[in-house]
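Letters go in sequence order (proteins before strands), and every chain restarts at 1.
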Amino acid sequence: MRSKDEYPAREIEEKWQKWWNDKGLYLTKHPPRQKYYVLEMFPYPSGDLHMGHLKNYVIGDVVARVKIMEGYDILHPMGWDSFGLPAENAAIKKGVDPKKWTENNINTYRNTLKKLGISYDWTREIATSDPDYYRWTQWIFLFLYKKGLAYRKKDYVNWCPNCKTVLANEQVIDGKCERCKTPVVKKELEQWFFKITDYAERLLEDLKELEGKWPPQVLKLQENWIGRSEGCEIVFELEGKGIKLPVFTTRADTLFGVTFMTIAPEHYLLPEIIEDSPHREEVEEYVRQALLKSEAERTREEREKTGVFTGKYAIHPFTGEKIPIWVGDYVLANYGTGIVMGVPAHDQRDFEFAKKYGLPIRVVIKPEDGDEPRPEEMEAAFEDYGVMINSGEFTGLPSREGIERVASRLREMGKGGKTVSYRLKDWLISRQRYWGAPIPMIHCEKCGYVPVPEDQLPVRLPEGIRDFRPKGRSPLADVPEFIETKCPVCGGPARRDPDTMDTFVDSSWYHLRYIDPRNEEMPFDPEKAEAWMPVDQYIGGAEHATKHLIYARFIHKVLYDAGLLKTKEPYLHLFTQGLVLKRFFWCNHCLRVVEENEIEKGIHKACGNPIEERLEMMSKSKGNIVPVGPFVEKHGADTARITILFAGPAEKDMEWTDAGVEGARRFLNRIWRLYSKHRDKLRGEIPDFDPEKLSKEEKDLYIALQKTIFEVRKDSSEFHFNTALARLMELLTAMSRFEKTDSPVFLRSLREYIVLLAPFAPHLSEELWHWTGAESSVFSNRFPEYDPRYTRGELTEIAVQINGKVRARLQVQRGLEEKQVLDLALKEENVRRHLQGKNIRKTIYVKDKLLNIVAG
RNA sequence: GCGAGGGUGGCGGAAUUGGCAUACGCGCUGGAUUUAGGAUCCAGUCCGCCGAAAGCGGGUGCGGGUUCAAGUCCCGCCCCUCGCACCA
């Protein structure tokens, strides 16, 4: 129940939200004097907004408000990543139009975010599903196409049999579809790709610029994802036909130990290899089986490797020896060259494969200080570096040197040489879906693939489609008025590309559109981009480390190379916030969330089955969400903000609890009561005072204030909002207990406290600020400066230890010397007792902190 | 398996150039106020030594080490979370 002591949150919040809006307080000032671009990852507008979504925006808002009060002109926009599958699924399930569904959700999201009073410049709102936006997404596609960075390729791709669509590598999690968890299979399709591998080296290299500015684990994740590996390409030849069969290896020194080769089942050269093989049918059957298996099945580690002999041989580049070629599904088609050389003596996988199929083992490396391993006795491959043996002209070389020499020899022979391989794959962007940006390409029988001329953009999505059920092709393929068009080159009949783009294309450049959201000539004006880029602080979930954050860096670099941008990287600082978890009770029998009053002694009363207590990320499907709207109505936006910020370190996961809400609410109420009590004292000038001439009580408060300013500034800049709030709570207690409430120190503390609180509880602060008689916003203040002379009290407590154990604490003036402190310490009863019968051997003094007496 | 992060009261968490472990909040206990409840305010709250105070001892996942001094540094383990995982 709300008592009359509780502050009227909703009333205050609505009042100031309206006032901020009328005053245009958060409108971007362009050109900026001193710019600061704060960006939170924009949301996909799904159903309603819950507290789990909020953390991102609350953190961003604190950053933005602190920067406003540090005198920056900020750009702090919000928009919608509004293309994507859920809209289409809703259309399939409920028959609603994806566009209408999306618009409704956007309206709900916008209204909810507005209720939170976050400092967005709403005039810059964008939605990726808006033709005014996706026109430029298409423009970017064409831009890449012109640069040779968008190309079409027939390939085996990740295919989700349930969603009936192609997935990027990044959308395959543990071999399963990210969305529906169905095992992904391989399917051969012709698709559009972005050549992100051309940028692999720079994407890796420029991570160095981000060190100390991005979370180290995100940098590491990207590094692993790019997966640079230095090695050697070695070209074998197919016996008889002379087809080149390149392999990639990091161990060129083991080349003389090759006893077989293995090629991936989906390798494009395989059909040619087996064309005239007696084993052809057997191989084809093996390939069929392999492609049916899901990635998850194929890559299960404990699974025994399988393979089948192709009946064909390759020629060793040095020895001319015949090497049998096998097909094996443990070889990945999309890493290296898709063919590996089998060196069973020195590679564990090859060893296992050779053992299974009775292939010979040939030792070509021996330990530096040991004997040559004997093949018949080996139980595992010898994978260490050592000295090359049985390797012709290279015999006797240490591995490291051998790797170099073999590579340069191959280079001379034109049969390979040093090369670099990346784990990163080209970015497959075609999606067989309706609700995305159409790929702006036209296929003409005569002219081939032709880009849609820029002046014809956007290629609009047709409306009024009824049937969105996945059929293995884009719903657009069945819309003749969309598909059928004229070739822009020859004017003859032609067909549009029926696919739409991966939504990660939409979000790879949105930070640029915010800079110039209504530009009708260009995606953005390069001059404006120069004024505002890079994003100074980007805030979002760590789950985007290898998807969005790599794609955005890639697109940014392409635009940088074209001279449209002046910075190499889009996001200068990145902060990744933790999740919001909510405890709930789950009945495994009824398969639903159960309220506490339905449970008795751990048993679900309704069905008699035991209840499981779970702590998981808030999600609508689980039913453990706290919706924002009703919460704000009941407790207010500021309470929601404080709850989130105080619960723990912002980068860590937090549990949303009622107790946390109570604590936040209580804190704000304490502030409200203190200010209500002294409301009549808030107005008017505060007389100047000399801190040196204050009473002890006053000086203590003055020092507490300086300390708090110092700590709040420091903690806020480091994203330690929980400890910043702890300091504010301490100062509040100090002010509440302060008795000389007419003192200028007290009055000044009240004033500055409001400003310190403002980034965290903006509505309450704005209200209290106006109680001082101010007419301008609390955010037109500078964040308070501390008086550096007083950030520490002049009294200090020195711990007196004897042999490392604290035996007394002394209250003394700061700055005492060791001798003085020791004299004082020796007067202490407890110290004397512990020194009885002992000699002081040595003392260690840490000024103003500690004195350790070593005695014995 | 590899990589990263983590393990501190009943709970969320503070404290890192090595220097008073447990700030702040929640919960709990007692008191004040109140017809009562709620709300609020004050005091207490790491554990143990029968209660209290003083005092003493123990204590930051486990075992060792360096040091006058270790949550913090070093060595060896255990456990948890996340990411990658047949990458040739």
Side-chain angles (χ1 to χ4, degrees), chain A residues 1-6 173-174 215-221 223-225 227-229 231-232 247-251 254 262 298-305 328-332 334-343 346-350 352-353 421-424 542-543 545-546 642-643 646-649 651-655 657-664 666-667 669-670 673 711 720 722-730 732-733 736-737 797-809 829-830 833-834 841-856:
Chain A
M1 277 296 103
R2 187 88 37 96
S3 85
K4 64 179 192 300
D5 288 337
E6 300 225 358
I173 310 291
D174 290 331
Q217 67 271 37
V218 174
L219 294 176
K220 195 74 199 168
L221 234 48
E223 192 187 317
N224 292 343
W225 193 263
R228 186 181 200 276
S229 171
C232 181
V247 304
F248 176 79
T249 180
T250 52
R251 292 296 301 271
T254 66
T262 312
R298 260 179 75 174
T299 57
R300 275 217 329 274
E301 199 170 355
E302 63 275 20
R303 195 178 139 258
E304 212 172 278
K305 293 170 192 14
D329 66 2
Y330 73 98
V331 178
L332 306 174
N334 53 11
Y335 182 76
T337 63
I339 312 175
V340 299
M341 61 180 204
V343 186
H346 305 292
D347 182 286
Q348 188 58 28
R349 291 158 304 181
D350 297 345
E352 286 163 21
F353 195 79
S421 185
Y422 299 92
R423 210 186 74 107
L424 183 73
E543 69 275 15
T546 51
I642 302 292
T643 305
F646 187 64
E651 70 279 7
K652 277 184 64 183
D653 292 354
M654 63 167 277
E655 182 185 347
T657 62
D658 290 345
V661 174
E662 277 307 306
R666 220 175 279 174
F667 170 53
N669 279 331
R670 282 174 64 203
R673 279 199 309 274
E711 300 282 349
H720 297 164
N722 56 330
T723 50
L725 286 169
R727 299 289 88 85
L728 286 171
M729 290 173 184
E730 282 177 310
L732 180 64
T733 303
S736 302
R737 288 182 184 168
E797 193 178 77
I798 293 182
V800 180
Q801 300 181 330
I802 293 165
N803 294 334
K805 292 206 156 64
V806 181
R807 299 301 178 186
R809 294 165 206 276
E829 174 72 42
N830 208 26
R833 198 166 64 235
H834 281 276
R841 296 220 177 116
K842 163 175 170 187
T843 56
I844 294 112
Y845 179 56
V846 182
K847 202 168 191 180
D848 297 333
K849 277 189 177 167
L850 173 143
L851 176 74
N852 190 8
I853 303 171
V854 185

Taking only the P atom of each, what is the distance from B/A70 to B/U22 in whole angstrom? 16 Å
Just checking A/R727: base, sugar-phosphate only, or nothing, at a heavy-atom cut-off of under 4.0 Å? base
When all nucleic acid strands are considered with a 4.0 Å heavy-atom cut-off, which category describes A/R807: base, sugar-phosphate, or nothing? sugar-phosphate
Heavy atoms under 4.0 Å, any strand shown: does A/H834 hit a base, just sugar-phosphate, or nothing? sugar-phosphate
Taking the P atom in each of B/C73 and B/U60, what is the distance between them to the nearest angstrom? 15 Å
Taking B/G58 as the reference, what is the distance to B/G5 when you measure between their C1' atoms (whole Å, please)? 30 Å
Using a heavy-atom cut-off of under 4.0 Å over every strand shown, decide if A/Q348 touches base, sugar-phosphate, or nothing. nothing
Of the listed nucleotides (B/C56, B/C87, B/C26), which one gets closest to any side-chain atom of A/A659? B/C26
Nearest-nucleotide comparison on RNA chain B, the residue closer to the 5′ end among A/H720 and A/E655: A/E655
Closest to the A/P649 side chain: B/C56, B/C68, B/G13? B/G13
A/T249/A/M341 under side-chain contact (heavy atoms from CB on, under 4.5 Å): CA gap, chis, key distance, verdict: CA-CA 8 Å; A/T249 180; A/M341 61 180 204; 3.8 Å; yes
Using a heavy-atom cut-off of under 4.0 Å over every strand shown, decide if A/K805 touches base, sugar-phosphate, or nothing. sugar-phosphate
How long is the line joining CZ of A/F667 and P of B/A23, in whole Å? 18 Å
Hey, is the side chain of A/R666 poking within less than 4.0 Å of OP1 or OP2 on B/G27, counting only N and O atoms? yes
Which nucleotide in the list B/G55, B/A88, B/C41 gets nearest to the side chain of A/Y335? B/A88
Using a cut-off of 4.0 Å on non-hydrogen atoms, how would the nucleic acid contact of A/V854 be classed: base, sugar-phosphate, or nothing? sugar-phosphate
Among B/A85, B/G13, B/C86, which is the nearest nucleotide to the side chain of A/R423? B/A85
Between P of B/U17 and NZ of A/K847, the distance in whole Å: 20 Å
A/N669 side chain vs A/E6 backbone, donor-acceptor pair below 3.5 Å: no
Measuring to OP1 and OP2 of B/A43, would you say a side-chain N or O of A/R737 lies under 4.0 angstrom away? yes
With sequence neighbours excluded, what pairs up with A/T723 under the side-chain hydrogen bond (donor to acceptor under 3.5 Å, both in side chains) test? A/D715
Residue mapping more 5' on RNA chain B - nearest nucleotide basis, A/A647 or A/Q217: A/Q217
Aromatic ring pairing A/F248/A/Y335, orientation class (parallel under 30°, perpendicular over 60°, tilted between): perpendicular
NA contact type, A/L221, heavy-atom cut-off 4.0 Å: base, sugar-phosphate, or nothing? sugar-phosphate
Could you tell me the separation between the CD1 atom of A/I802 and the C1' atom of B/G19, rounded to a whole number of Å? 16 Å
Closest approach of A/V218 to A/A545 (non-hydrogen atoms, all atoms of both residues): CG1-CB, 3.9 Å
Atom P, compared across B/G10 and B/G19: separation rounded to whole Å: 25 Å
A/L850 side-chain proximity, nearest of B/G55, B/G19, B/C24: B/G19
Of the options B/C84, B/C68, B/G55, whose atoms approach the side-chain atoms of A/K842 most closely? B/C68
If only side-chain N and O atoms of A/T723 are considered, is one of them under 4.0 Å from the OP1 or OP2 phosphate oxygen of B/G13? no
Between B/U33 and B/G27, how far apart are the two C1' atoms, rounded to whole Å? 22 Å
According to a strict under-4.0 Å criterion, is A/N224 in side-chain N/O contact with OP1 or OP2 of B/C2? no
Pairs under 3.5 Å (Watson-Crick or G-U), crossing ones as [ ], inter-strand ones as |: RNA chain B comes out as (((((((..(((......[....)))((((((.......))))))((((.....))))..(((((..]....))))))))))))....
Could you tell me whether A/D350 contacts a base, only the sugar-phosphate backbone, or nothing, with contacts defined as non-hydrogen atoms closer than 4.0 Å? nothing
Can a side chain N or O of A/R228 be found less than 4.0 Å away from OP1 or OP2 on B/C87? no
Listed by chain and number, what are the side-chain contact (heavy atoms from CB on, under 4.5 Å) partners of A/Q348, not counting sequence neighbours? A/F351, A/E352, A/A380, A/A381, A/E383
Protein-nucleotide distance (A/Q801, atom CD; B/G18, atom C1'), rounded to Å: 12 Å
Does B/G9 fall in syn (glycosidic angle within 90° of 0) or anti? syn
Return the nearest nucleotide to the side chain of A/N852; candidates are B/C68, B/C24, B/A88. B/C68
Please list, chain by chain and in numerical order, all residues satisfying ring pair (Phe, Tyr, Trp, His ring centres under 6.0 Å) with A/F667, sequence neighbours excluded. none
Take atom NZ of A/K220 and atom C1' of B/C82, then tell me their distance rounded to the nearest Å. 15 Å
Taking atom OG1 of A/T643 and atom CE of A/M654, what is their separation to the nearest 0.5 Å? 7.5 Å
In whole angstrom, what separates A/E223's CD from B/C87's P? 18 Å
With C1' as the reference atom in both, quote the distance from B/C62 to B/G71 in angstrom, rounded to an integer. 15 Å
Span that lies between the C1' atom of B/U81 and that of B/C87, in whole angstrom: 25 Å
From C-beta outward on A/E730, which listed nucleotide comes closest to its side chain: B/C24, B/A14, B/C86? B/C24
Does B/G13 have its OP1 or OP2 closer than 4.0 Å to a side-chain nitrogen or oxygen of A/K652? yes
Would you be so kind as to tabulate the donor-acceptor pairs closer than 3.5 Å made by side chains of residues 848-856 of chain A, with sequence neighbours excluded?
from	atom 1	to	atom 2	distance (Å)
A/D848	OD1	A/G815	N	2.7
A/N852	OD1	A/G804	N	3.1

Between B/A14 and B/A23, how far apart are the two C1' atoms, rounded to whole Å? 5 Å
Options B/G83, B/G55, B/C24, nucleotide nearest the side-chain atoms of A/M729: B/C24
Would you give the length of the straight line joining atom CG of A/N224 to atom CD of A/Q217, rounded to the nearest 0.5 angstrom? 12.0 Å
Could you work out which one of B/A21, B/G13, B/A88 sits closest to the side chain of A/V806? B/A21
Write down the distance between NZ (A/K305) and P (B/A88), rounded to a whole number of angstrom. 14 Å
Distance check needed: B/A23 P versus A/L725 CG, whole Å only. 17 Å
For A/E655, what residues pass the side-chain hydrogen bond (donor to acceptor under 3.5 Å, both in side chains) criterion, not counting sequence neighbours? A/R583
